[in-house]
Amino acid sequence: MKTTFLRTLSLATVALAALLTAPAMAQLSVDVTGDIDSNLKIAVPPMPAQQEADTPAGSASDLGRKIAEVIASDLKSSGLFDPSGPGGLPAIPFPEVTFPQYQKWGAYQALVQGFVRTSGGEADITVGCYLYDVALQQELTRQGYVVAPRDWRRAAHKCADAIYARLSGESPFFDSRIAYIAESGPKGNRTKRLAIMDSDGANHRFITNGQSIALTPRFSPDYKSIVYVSYLGSRVRLYVYDIGTGQQRLVTESNNPTFAPRWSPDGRNILFSMAAAGNTDIYRVSANGGSPVRLTNSPGIDVGGSYSPDGSRIVFESDRSGGQQLYVMNADGSNQRRISHGGGRYATPEWSPRGDLIAFTKLSGDFKIAVMSPNGDNERILTNGWQDEQPTWSPNGRVLQFFRTTPGRQGTSQVWQVDLTGVNERRIPTPLSGSDPAWGPLLP
């Protein structure tokens, strides 16, 4: 398969059918609300090659080691697991992949083993991935994928997703991408380019050249497009960029400040905010363009609409009460009601893909990332940086990315990540300063 898409391994041959059958079940699992000290210890040794062969992405054995590295890194980043390897762990022979020697791994609770198979060159690679319960000496799950050599990281993320889902009971999220704004130059004259990368910061590429200012990107629900705002001179344009073709199309443009576009869950409409005649309101426009429909009309500034997963409601921020607060309204703009009632101000709300929480920026002295229930209850602060803002949800609603600005004259920003416990926090590497991250759905 010579495409950028990954497919589940077909059980087409007797040999593969013997390797990839239904898994035995056991009860090893993790508590997704537990603290970081209770993480599950997992061994991830290098994945052996069935036979050595060279590919454009490296030799089969090199790929086996790199795939194991990505799996271990993904599991570590979740905050739920304490993986070891592949460095420092013994290599295993190919036949041992499906017949683990459990006595080697008594210091661990779980074991991840796998293999790489290829005939070399541009030919597809087959990646097998197995999860074992060491104490019970039972297989928990197995997955296999066929990918082009250049897509080996996707196979690694898929393996990590399978392990995460089996042990946590949660939906996966590693095989996904982030759109964000790459920033360079002095603080008062920044170049801002649209960029995309894998959820762990790998496979980075720039989408725009920086001639115009790009802001607030968001992936479409089908992952095919990114909507973003472009400022060039006095003209403000809302563009949809087609990831497959590299082409972009204009949705709407204006001389008025326009910002914060958000897709509807069905991908048919785009919300955005626009300032006109001294008032800022939320509008809806067809993703194919046309005349925008205004949804809010109260005096003041209404910004940042985000749909609930079922598309029935929208959360947004408004200063109509005298300060920035969060409001919810029906998708047609009716029944607008305030939901935030704590101290400080509230901004940049985004509804969880699970529907159970709304993430937002809490402005109370410093800027912090926080969550609350859709009715405004159970407010919790997750971060404690100097200026943390613009949260965006992982596909499974368990993790948030945001950007953190450092104090000082330069005021550079970086993309960070935190889970719902508020304990596991890490920076996502980017080649330049980064802001306005937007997490896309799980890749197909």
Side-chain angles (χ1 to χ4, degrees), residues 1-7 57 145 147-158 161 172-183 191-232 237-253 260-272 285-289 306-307 350 353 390 392-396 401 403 415 428-432 434-444:
M1 183 176 181
K2 302 294 195 299
T3 72
T4 59
F5 296 100
L6 173 149
R7 72 174 187 266
Y145 305 98
V147 298
R150 64 179 178 272
D151 293 329
W152 65 268
R153 292 188 70 93
R154 285 212 58 201
H157 289 316
K158 284 292 189 187
D161 274 335
F173 69 96
F174 299 121
D175 188 30
S176 55
R177 293 195 178 117
I178 306 295
Y180 78 102
I181 301 302
E183 301 187 12
T191 297
K192 298 189 176 187
R193 288 184 281 176
L194 176 63
I196 60 175
M197 59 184 176
D198 291 353
S199 64
D200 59 356
N203 290 328
H204 183 279
R205 65 186 175 107
F206 296 107
I207 301 299
T208 59
N209 59 18
Q211 291 181 348
S212 61
I213 295 175
L215 297 172
T216 56
R218 283 297 183 273
F219 277 104
S220 62
D222 63 6
Y223 238 132
K224 295 180 180 179
S225 305
I226 297 172
V227 64
Y228 72 100
V229 173
S230 173
Y231 276 75
L232 183 60
R237 296 176 173 91
L238 202 63
Y239 282 116
V240 169
Y241 173 84
D242 187 295
I243 298 173
T245 66
Q247 301 298 309
Q248 62 183 19
R249 55 183 171 81
L250 180 67
V251 177
T252 186
E253 65 177 320
R262 299 289 187 270
W263 294 89
S264 62
D266 60 10
R268 296 179 180 178
N269 295 297
I270 296 171
L271 292 178
F272 67 95
V285 66
S286 168
N288 296 319
S306 171
Y307 280 98
E350 184 165 302
Q390 205 88 22
T392 179
W393 289 97
S394 64
N396 69 348
Q401 287 189 356
F403 74 96
V415 179
I428 307 300
T430 56
L432 302 173
S435 64
D436 291 343
W439 211 322
L442 199 68
L443 283 163

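Between the side chain of Asn209 and the backbone N or O of Gln211 there is at least one donor-acceptor pair closer than 3.5 Å. In this structure a side-chain-to-backbone donor-acceptor pair under 3.5 Å is present from Ser264 to Asn269. When atom types are taken as modelled, the side chain of Thr392 and the backbone of Trp439 share a donor-acceptor pair closer than 3.5 angstrom. A donor-acceptor pair under 3.5 Å is absent between the side-chain atoms of Asp151 and the main chain of Arg154, judged by distance alone. Checked by atom type and distance alone, the side chain of Tyr307 never pairs as donor or acceptor with a backbone atom of Trp263 at under 3.5 Å. Remark: the backbone N or O of Phe173 is paired with a side-chain donor or acceptor of Asp161 at under 3.5 angstrom. Distance alone, capped at 3.5 Å, is enough to place a donor-acceptor pair between the Ser199 side chain and the Phe174 backbone. Between the side chain of Tyr228 and the main chain of Tyr241, no donor-acceptor pair closer than 3.5 Å is present.
With a 4.5 Å cut-off on side-chain heavy atoms, Ile196 and Arg205 count as touching. Contact annotation: the side chain of Leu432 approaches that of Arg193 to within less than 4.5 Å [non-hydrogen atoms, C-beta and beyond]. With a 4.5 Å cut-off on side-chain heavy atoms, Thr216 and Pro261 count as touching.
What you find for Ala287 and Ile270 is that their closest heavy atoms are CA-CD1, 4.1 Å. Pairing each heavy atom of Pro441 with each of Pro395, the nearest pair is C-CG, 3.8 Å. When all heavy atoms of Ala179 and Phe219 are compared, the pair lying nearest together is N-CE1, 3.3 Å. Phe206 approaches Pro431 most closely through the heavy-atom pair CZ-CG, 4.4 Å. Leu443 and Lys158 make their closest contact through O-NZ, 3.4 Å (heavy atoms, listed as atom of the first residue, atom of the second, distance). The shortest non-hydrogen separation linking Val251 to Ser286 is CG1-O, 3.6 Å.
Remark: aromatic rings of His204 and Tyr180 are close, center separation under 6.0 Å.
With sequence neighbours excluded, the residues satisfying salt bridge (charged side-chain N to carboxylate O under 4.0 Å, His left out) with Arg218 are Glu350. In this view, Thr252 and Leu238, Phe272, Pro292 satisfy the side-chain contact (heavy atoms from CB on, under 4.5 Å) rule, not counting sequence neighbours. The salt bridge (charged side-chain N to carboxylate O under 4.0 Å, His left out) check on Arg237 picks up Glu253, with sequence neighbours excluded.
Rounding to the nearest 0.5 Å places CG of Asp200 at 7.5 Å from CD1 of Ile428. Here Ser435 contributes atom OG and Leu215 contributes atom CG; the two are 7.5 Å apart, rounded to the nearest 0.5 Å. Interatomic distance, Asp198 CG to His157 NE2, rounded to the nearest 0.5 Å: 4.5 Å. With rounding to the nearest 0.5 Å, the separation of CZ in Arg177 from CD1 in Ile226 is 9.5 Å. Rounded to the nearest 0.5 Å, atoms CG (Leu442) and CG (Asn396) are 8.5 Å apart. Once rounded to the nearest 0.5 Å, the distance linking CD of Gln401 with OG of Ser394 reads 8.5 Å.
Results of the side-chain contact (heavy atoms from CB on, under 4.5 Å) test with Asp436 over Val229, Val415, Ile181, Leu194 single out Ile181 as the only residue that passes.
No more than 12 heavy atoms of other residues, nucleotides or ligands lie within 6.0 Å of CZ in Arg268, so this atom counts as exposed by the packing criterion.
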For this session: Show your reasoning for whether side-chain contact (heavy atoms from CB on, under 4.5 Å) applies to Lys192 and Tyr231.
Result: CA-CA 10 Å; Lys192 298 189 176 187; Tyr231 276 75; over 6 Å; no

